[in-house]
Amino acid sequence: MPYVDEISKAVIILIRAGLACRVTLCLIALMTAEEEAAQYKKRIRNAVVFYIAAELAFVIKNIIIYYFS
C-alpha cells in the first residue's frame, strides 16, 4: 500500500499545481480580454469544481483504504 499513497500524493500535487496554473492563466486573460470575461470566469469555476471533485475522490479512497486495512 505505500506505493498507492506515494502515487496519490504525487497526483494531488500535480492537480494542485495544474489548478494554480489554470486559474492564473485565466485571470491574466480575464484582465486583458474584457469582452470574453464570462467565458474565463466559467473556466475558473469549472477548474475549481474539478479540484473539489478530485480532492473528494482522494478522501474517499483514503477512507476506503483505512476501513479495509
Side-chain angles (χ1 to χ4, degrees):
M1 284 300 181
Y3 299 116
V4 174
D5 289 334
E6 292 173 11
I7 292 172
S8 294
K9 289 177 184 176
V11 171
I12 289 173
I13 290 170
L14 287 173
I15 289 172
R16 289 176 182 168
L19 174 75
C21 291
R22 178 73 173 167
V23 169
T24 303
L25 289 174
C26 286
L27 287 174
I28 291 171
L30 186 64
M31 290 187 291
T32 59
E34 293 183 15
E35 62 274 358
E36 298 174 354
Q39 181 182 13
Y40 288 113
K41 288 179 183 177
K42 186 174 180 181
R43 288 180 181 174
I44 292 171
R45 186 181 74 71
N46 288 341
V48 171
V49 167
F50 168 76
Y51 172 71
I52 292 169
E55 286 288 333
L56 284 175
F58 284 106
V59 168
I60 291 171
K61 177 204 63 93
N62 290 335
I63 291 171
I64 289 171
I65 289 175
Y66 176 76
Y67 181 74
F68 289 113
S69 294

Q. To the nearest 0.5 Å, what is the distance between CZ (R22) and CG (N46)?
A. 8.5 Å

Q) Roughly how far apart are E55 CD and R16 CZ, rounded to 0.5 Å? A) 4.5 Å

Q.
Let me confirm one number: the CD1-OH distance from I12 to Y51, rounded to the nearest 0.5 Å.
A. 8.0 Å

Q. Which residues satisfy the salt bridge (Lys or Arg N to Asp or Glu O under 4.0 Å) test with R45, sequence neighbours excluded?
A. none

**Q.** With K61 via side chain to side chain donor-acceptor pair (under 3.5 Å) - residues at least two apart
**A.** S8

Q: Look up atom CD1 in I44 and atom CG in L19, then write down how far apart they are to the nearest 0.5 Å.
A: 10.0 Å

Q.
Distance check, rounded to the nearest 0.5 Å: I64 atom CD1 versus F68 atom CZ?
A. 7.0 Å

Which atom pairs, donor and acceptor, lie under 3.5 Å between side-chain atoms of residues 23-42 and protein residues at least two apart or in another chain?
{"unit_1": "T24", "atom_1": "OG1", "unit_2": "A20", "atom_2": "O", "d": "2.6"}
{"unit_1": "T32", "atom_1": "OG1", "unit_2": "I28", "atom_2": "O", "d": "3.4"}
{"unit_1": "T32", "atom_1": "OG1", "unit_2": "A29", "atom_2": "O", "d": "3.1"}

(Q) Rounded to the nearest 0.5 Å, what separates atom OH in Y67 from atom CD1 in I60? (A) 15.5 Å

